[in-house]
There are 2 protein chains.
Amino acid sequence: MGTGYDEETERWRARFRNGCASRTVLEVLANKWALYVLSALRRSGGPMRFNDLRRLLGDITQKMLTQTLRNLERDGLVSRAVYPTVPPRVEYALTELGLDVGTLTDAVGEWAVVHAPQIIAARTHYDERAAAGPLPLSVGR
Amino acid sequence: MGTGYDEETERWRARFRNGCASRTVLEVLANKWALYVLSALRRSGGPMRFNDLRRLLGDITQKMLTQTLRNLERDGLVSRAVYPTVPPRVEYALTELGLDVGTLTDAVGEWAVVHAPQIIAARTHYDERAAAGPLPLSVGR
DNA sequence: CTGGATCCTAAATGATACTG
DNA sequence: CAGTATCATTTAGGATCCAG
């Protein structure tokens with residue numbers, strides 16, 4: 001027994017049932033701080049220490065910075081170098097993969113500067129209509 | 001009194017303090033189902049009814065499909081047309097903006113098919129090392 | 001200086017039952 | 001058919017304190 005879908009459709013469905021590559025990438029980037037940490041490391045052009053990042057990012061807590069850096073390290077975008085001096089010195093830098101993801105975030109950024117305003121506008125418009133009470137009956141277009 | 005950063009750095013910090021456009025876009029796309037719903041509507045090339053989407057997506061619940069569609073509609077990516085027949089008939093389709101976001105998700109997809117395997121590999125490698133116990137002392141590299 | 005450990009709140013997701 | 005409402009569970013994010 002099949003599912004009632006043709007083979008091409010089945011392939012399309014299978015693609016996201018077992019983990020879609022696009023979503024893996026989006027999950028890496030879409031948490032609250034990842035983009036900013038990557039951007040900071042990119043801007044510096046070299047390694048940055050923990051507290052330099054912390055100060056630059058301003059209102060990130062230690063915990064979230066640690067967590068974000070750990071995730072980026074785990075995903076291979078950031079490298080972590082520990083110098084066992086006292087006081088300790090830890091430097092974070094982009095890996096090749098982390099550098100490469102910059103081409104993608106640039107693409108996102110370019111699309112965003114053009115279209116994010118439209119999204120915001122649509123959102124505002126939608127919220128205003130919703131606040132005005134239930135629609136009379138949106139028939140067709 | 002300033003913050004101790006130069007003007008260019010201050011501009012960089014300000015950019016994400018009050019809402020970064022890239023993050024707005026990522027937040028729209030990075031929930032569990034948005035990408036798949038957009039992809040389904042794109043594939044169909046025309047409007048789709050609620051239960052057609054539901055069946056095609058397979059294991060999405062009614063609630064999550066409704067929620068995802070509402071958000072996409074609110075953000076201006078999807079349009080909703082209600083035909084007050086009985087039983088009711090509701091059709092969802094991509095707006096121009098929703099169609100346009102396809103160029104972005106394509107870019108994400110292309111980067112992803114090349115690099116997601118590297119991310120997965122890095123992750124596995126990291127987890128294996130972590131499971132092997134605390135590292136002896138990672139000096140430098 | 002770096003960051004681990006804990007406790008807490010809020011948000012996302014999901015299961016289930018009900019309705020015009 | 002296309003939802004809404006409710007409750008439970010999971011995950012993300014954050015505040016605070018402590019330690020090598």
Side-chain angles (χ1 to χ4, degrees), chain A residues 16-17 23-24 26-37 47-75 78-93 130 133-140, chain B residues 16 23 26-37 40-41 47-75 78-93 130 133-140:
Chain A
F16 62 83
R17 254 201 309 270
R23 265 198 60 73
T24 301
L26 285 180
E27 273 162 14
V28 169
L29 298 178
N31 56 73
K32 188 163 178 184
W33 296 104
L35 215 55
Y36 303 145
V37 170
M48 287 185 74
R49 299 183 60 176
F50 186 87
N51 275 335
D52 290 340
L53 277 168
R54 182 158 156 56
R55 266 186 298 275
L56 185 58
L57 297 177
D59 39 0
I60 191 173
T61 62
Q62 290 163 331
K63 179 188 162 181
M64 289 315 295
L65 180 53
T66 301
Q67 196 174 107
T68 304
L69 286 167
R70 285 291 172 285
N71 285 335
L72 293 174
E73 189 194 358
R74 185 170 107 102
D75 291 337
V78 160
S79 66
R80 176 171 182 270
V82 181
Y83 302 95
T85 58
V86 39
R89 171 196 191 83
V90 181
E91 289 185 345
Y92 295 92
L135 304 184
L137 240 191
S138 40
V139 185
Chain B
F16 63 81
R23 266 197 58 74
L26 286 180
E27 274 163 14
V28 169
L29 298 178
N31 55 75
K32 187 164 178 183
W33 296 103
L35 215 54
Y36 303 146
V37 169
L41 289 174
M48 286 185 75
R49 299 183 60 175
F50 186 89
N51 276 334
D52 290 340
L53 276 167
R54 182 158 155 56
R55 266 187 298 274
L56 184 58
L57 296 177
D59 38 0
I60 191 173
T61 62
Q62 294 156 331
K63 180 186 161 181
M64 289 316 294
L65 181 52
T66 301
Q67 197 175 106
T68 304
L69 286 167
R70 286 289 175 285
N71 286 336
L72 292 174
E73 190 194 357
R74 187 171 106 102
D75 291 337
V78 161
S79 66
R80 176 171 181 270
V82 181
Y83 302 94
T85 57
V86 39
R89 172 196 190 82
V90 181
E91 290 186 345
Y92 295 92
L135 304 184
L137 241 191
S138 40
V139 185

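Per chain, numbering begins at 1; letters A, B, ... match sequence-line order.
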S.K.: Within a strict 4.5 Å, meaning less than it, do heavy atoms of the A:V90 and A:R80 side chains meet?
M.R.: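 Side chain of A:V90 against side chain of A:R80, heavy atoms only: contact under 4.5 Å found.
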S.K.: Classify the nucleic acid contact of A:R70 as base, sugar-phosphate or nothing, counting any heavy atom under 4.0 Å across all strands shown.
M.R.: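 Touches sugar-phosphate only.
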S.K.: Hey, which of A:R54, A:R49, A:R55 is the one that makes salt bridge (Lys or Arg N to Asp or Glu O under 4.0 Å) with A:D52?
M.R.: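 For A:D52, the salt bridge (Lys or Arg N to Asp or Glu O under 4.0 Å) test succeeds with only one of A:R54, A:R49, A:R55, which is A:R55.
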S.K.: Are OP1 or OP2 of C:dA12 and a side-chain N or O of B:N31 less than 4.0 angstrom apart?
M.R.: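 False: B:N31 side-chain N/O out of range (4.0 Å or more) of C:dA12 OP1/OP2.
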S.K.: How many whole angstroms separate atom CD of A:Q67 from atom C1' of C:dT2?
M.R.: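 Spelled out: CD on A:Q67 to C1' on C:dT2 is 16 Å.
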S.K.: Of the nucleotides C:dG3, C:dT13, D:dT4, which one has an atom closest to the side chain of B:K32?
M.R.: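 Given the options C:dG3, C:dT13, D:dT4, the side chain of B:K32 is closest to C:dT13.
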S.K.: Looking only at atom types and distance, does a side-chain atom of A:N31 sit under 3.5 Å from a main-chain N or O of A:A34, one as donor and one as acceptor?
M.R.: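 Side chain of A:N31 to backbone of A:A34: a pair is present.
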S.K.: Nearest of C:dG3, D:dT4, D:dC1 to any side-chain atom of B:P87?
M.R.: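 Comparing C:dG3, D:dT4, D:dC1 against the side chain of B:P87, the answer is D:dC1.
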S.K.: Which of these nucleotides, C:dG3, C:dT13, D:dA2, is closest to any side-chain atom of B:V90?
M.R.: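 Of the candidates, D:dA2 comes closest.
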S.K.: Measuring only between side-chain heavy atoms, which start at C-beta, is B:F16 closer than 4.5 Å to A:L57?
M.R.: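 With C-beta onward as the side chain, the pair touches.
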S.K.: Taking atom P of D:dG3 as reference, at what distance in whole Å does atom CG of B:N71 sit?
M.R.: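 The distance from CG of B:N71 to P of D:dG3 comes to 14 Å, rounded to the nearest Å.
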S.K.: Please determine, for the side chain of B:N51, which listed nucleotide (D:dA5, D:dC1, C:dG4) has the closest atom?
M.R.: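 Closest nucleotide among those given: D:dC1.
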S.K.: In whole angstrom, what separates A:L35's CG from D:dG13's P?
M.R.: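 Taking atom P of D:dG13 as the reference, CG of A:L35 is at 13 Å.
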S.K.: In whole angstroms, how far is the C1' atom of D:dG13 from the CZ atom of B:R23?
M.R.: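 Rounded to whole Å, this separation is 11 Å.
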S.K.: Is there a side-chain polar atom (N or O) of B:Y92 under 4.0 Å from OP1 or OP2 of D:dC1?
M.R.: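 B:Y92 to D:dC1 OP1/OP2: no side-chain N or O under 4.0 Å.
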S.K.: Heavy-atom nearest nucleotide on DNA chain D for A:P88 versus A:I60: which residue maps closer to 5'?
M.R.: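 By nearest-heavy-atom nucleotide position, the 5'-most residue is A:I60.
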S.K.: Rounded to the nearest Å, what distance is computed from the CG atom of residue B:L53 to the P atom of nucleotide D:dG3?
M.R.: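 That distance rounds to 10 Å.
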S.K.: Look at the side chain of B:W33 and decide which nucleotide, out of D:dA15, D:dA2, C:dG14, has an atom nearest to it.
M.R.: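 The listed nucleotide nearest to B:W33's side chain is C:dG14.
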S.K.: So which nucleotide from C:dG4, D:dG3, C:dT2 ends up closest to the side chain of A:F50?
M.R.: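 Of all the options, the side chain of A:F50 is nearest to C:dT2.
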S.K.: Taking all atoms of both residues into account, what is the closest heavy-atom pair of A:L26 and B:L29, and its distance?
M.R.: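 Answer, listing the atom of A:L26 first, then B:L29: CD1-O, 3.8 Å.
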S.K.: C:dG14, D:dT4, D:dC17: which one has an atom nearest the side-chain heavy atoms of A:Q62?
M.R.: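 For A:Q62, the side-chain atoms sit closest to D:dC17.
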S.K.: In whole angstroms, how far is the P atom of C:dG4 from the CG atom of A:L69?
M.R.: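 To the nearest whole Å, that distance equals 11 Å.
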S.K.: Round to the nearest Å and state the distance from B:E27 atom CD to D:dG13 atom C1'.
M.R.: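 In whole Å, D:dG13 C1' and B:E27 CD are 13 Å from each other.
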S.K.: Could you tell me whether the phosphate oxygens of C:dG3, OP1 or OP2, come under 4.0 Å of any side-chain nitrogen or oxygen in A:R49?
M.R.: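 So the side chain of A:R49 is outside the cut-off, no N or O lying under 4.0 Å from OP1 or OP2 of C:dG3.
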S.K.: Rounded to the Å, how far apart are A:M64 CE and C:dG3 C1'?
M.R.: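 Atom CE in A:M64 sits about 14 Å away from atom C1' in C:dG3.
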